[in-house]
Participant: 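I have a structure I would like to understand better, so I am pasting it below and will then ask my questions one at a time.
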Amino acid sequence: MKIATFNINGIKARLPRLIEWLEETQPDVACLQELKTSDETFPEADIRAAGYGAIWHGQKGFNGVAILARGTDPVERRRGLPDDPDPAHSRYLEADVNGITIASIYLPNGNPVPGPKFDYKLAWMEQLRLHAAGLFASERPVVLAGDYNVIPTDHKDDVFSPTAMAADALTKPESRAAFRRIVHQGWTDALRARHPAGQLYTFWDYQAGAWPRDAGFRIDHLLLSPLAADRLVDAGVDKDYRGREKASDHAPTWITLK
DNA sequence: ATGCCGAACTTCGTTCGA
């Protein structure tokens, strides 16, 4: 079973790229972020024609998350976090697919630092931590997939330049500590578990030639509960999709479970 | 210190992203 997460940066602008990726890589589940479209304008028919059932939590202009399942309909469990600091933001969707609980997460960016957006990021992460604790305690196979907007370490395999990113909300100690507080509940960072060493960038900025000079970093993560981690077979980043025409600034990131 | 690039609405500039 292949489960992927993909920040598509606008599902309307990216629809041909999305369908192409679904057809070429055939994920069983695809968690999408940054739909940038309202519930009413989600391209359900195109997704269904590609062979996927879908649920989505849209928002006009920005944010927005979805869960797609090949040949079946995800069974929705929750939209939005409990006690979401700003329920107007569509950033969390949770469903069951084939016995696995799967969340599609679009964690706030948090820039500039300091400021209200950074405060919002940390508040949101605290609510995610509380909700994740409940999921963990359920002892189900759970996959928390999405764009966490946190670069876990300063290692060159996680970030092209710690110096260039030092003032950014993605690397601030408070962001990393909040991420660790979740992971240390007992979750497995699937990409790093499968590849303890080696570059695993998932994002390259559109600006300043970041893609051609490979100036990327790792912010898209799949966290696995113990019952999911026990089934982990492989994990990777579909890096070549970042180099295609009209690409998202993120690359699809995936795991396979037995 | 700032903009770079790209998408979408607030629509020929502004806001947001990371």
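Convention: sequence-line order gives letters A, B, ...; per-chain numbering from 1. Any value given below was found using the heavy atoms of this structure, including those in side chains, with hydrogens, waters and symmetry copies removed.
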Participant: Please report, rounded to the nearest Å, how far the P atom of B:dT15 is from the NE2 atom of A:H89.
Facilitator: 15 Å
Participant: Please give the distance between the P atoms of B:dA8 and B:dA18 as a whole number of Å.
Facilitator: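 The same atom, P, in both gives a distance of 14 Å.
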Participant: Looking at every strand, decide which applies to A:N149 at a 4.0 Å heavy-atom threshold: base, sugar-phosphate, or nothing.
Facilitator: sugar-phosphate
Participant: Quick check with a 6.0 Å cut-off and a 45 degree axis cone: is A:R176 positioned over the face of A:F179's six-membered ring?
Facilitator: no
Participant: Which part of the nucleic acid, if any, lies within reach of A:D147 when heavy atoms closer than 4.0 Å are counted: base, sugar-phosphate only, or nothing?
Facilitator: sugar-phosphate
Participant: Quick test of your reading of the model: are A:R192 and A:D158 salt-bridged, counting only N-O distances below 4.0 Å?
Facilitator: yes
Participant: Quick one: is B:dA18 close enough that its OP1 or OP2 comes under 4.0 Å of any side-chain N or O from A:H250?
Facilitator: yes
Participant: Can you give the donor-acceptor pairs under 3.5 Å from side chains of residues 222-237 of chain A to other protein atoms, not counting sequence neighbours?
Facilitator:
residue	atom	partner	partner atom	Å
A:S225	OG	A:R140	O	2.8
A:S225	OG	A:V142	N	2.8
A:R231	NE	A:K258	O	2.7
A:R231	NH2	A:K258	O	3.3
A:D234	OD1	A:R194	NE	3.0
A:D234	OD1	A:R194	NH2	3.4

Participant: How far does the P atom of B:dT2 sit from the matching atom of B:dG13, given to the nearest Å?
Facilitator: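 It comes out at 22 Å once rounded to the nearest Å.
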Participant: Whether A:R244 and A:E24 form a salt bridge (side-chain N of Lys/Arg under 4.0 Å from carboxylate O of Asp/Glu) is what I want to check.
Facilitator: yes
Participant: Nearest 0.5 Å, please: how far is CG in A:L200 from CD1 in A:I219?
Facilitator: 13.5 Å
Participant: Taking B:dT15 as the reference, what is the distance to B:dT10 when you measure between their P atoms (whole Å, please)?
Facilitator: 12 Å
Participant: Using the C1' atom on both, measure B:dG6 against B:dA1 and round to a whole Å.
Facilitator: 23 Å
Participant: Please work out the stems of DNA chain B from pairs that are Watson-Crick or G-U wobble with both distances under 3.5 Å, keeping only runs of three or more consecutive pairs.
Facilitator: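 Stems found: B:5-9 with B:13-17.
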Participant: Between B:dT15 atom P and A:Q59 atom CD, what is the distance in whole Å?
Facilitator: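 In whole Å, B:dT15 P and A:Q59 CD are 17 Å from each other.
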Participant: Would you measure the distance from the P atom in B:dT11 across to the matching atom in B:dC16 and give it in whole Å?
Facilitator: 14 Å
Participant: Please list, chain by chain and in numerical order, all residues satisfying salt bridge (charged side-chain N to carboxylate O under 4.0 Å, His left out) with A:R48, sequence neighbours excluded.
Facilitator: A:E44, A:D73
Participant: In this structure, how many angstroms lie between the P atom of B:dA18 and the CH2 atom of A:W211, rounded?
Facilitator: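 These atoms are roughly 18 Å apart.
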Participant: Just the rounded figure in Å: distance from C1' of B:dC16 to OH of A:Y120.
Facilitator: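 Interatomic distance, OH of A:Y120 to C1' of B:dC16: 13 Å.
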Participant: Does any pair with a residue in residues 93-115 of chain A pass ring pair (Phe, Tyr, Trp, His ring centres under 6.0 Å), and if so which ones, sequence neighbours excluded?
Facilitator: none
Participant: Hey, does A:Y148 reach any base, or is it just sugar-phosphate, or nothing, if we go heavy atoms under 4.0 Å?
Facilitator: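 If one applies the 4.0 Å heavy-atom cut-off, A:Y148 turns out to touch nothing in the nucleic acid.
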Participant: All N/O contacts under 3.5 Å from nucleotides 4-9 of chain B to the protein, with atom names and distances to one decimal?
Facilitator:
residue	atom	partner	partner atom	Å
B:dC4	N1	A:Q207	OE1	3.0
B:dC5	O4'	A:Y206	O	3.3
B:dA7	OP1	A:K246	NZ	2.8
B:dA8	OP1	A:A13	N	3.4

Participant: For A:D28, enumerate each residue passing the salt bridge (charged side-chain N to carboxylate O under 4.0 Å, His left out) test, keeping only those at least two apart in sequence or located in another chain.
Facilitator: A:R70
Participant: Salt bridge or not for A:E94 and A:R77, using N-O below 4.0 Å?
Facilitator: yes
Participant: Indicate whether any N or O donor in one side chain lies under 3.5 Å from an N or O acceptor in the other, for A:N63 and A:Q33.
Facilitator: no
Participant: Touch check for A:R91, heavy atoms < 4.0 angstrom, all strands: base, sugar-phosphate only, or nothing?
Facilitator: sugar-phosphate
Participant: Think A:N63 has a side-chain N or O under 4.0 angstrom from the OP1 or OP2 of B:dC16?
Facilitator: no
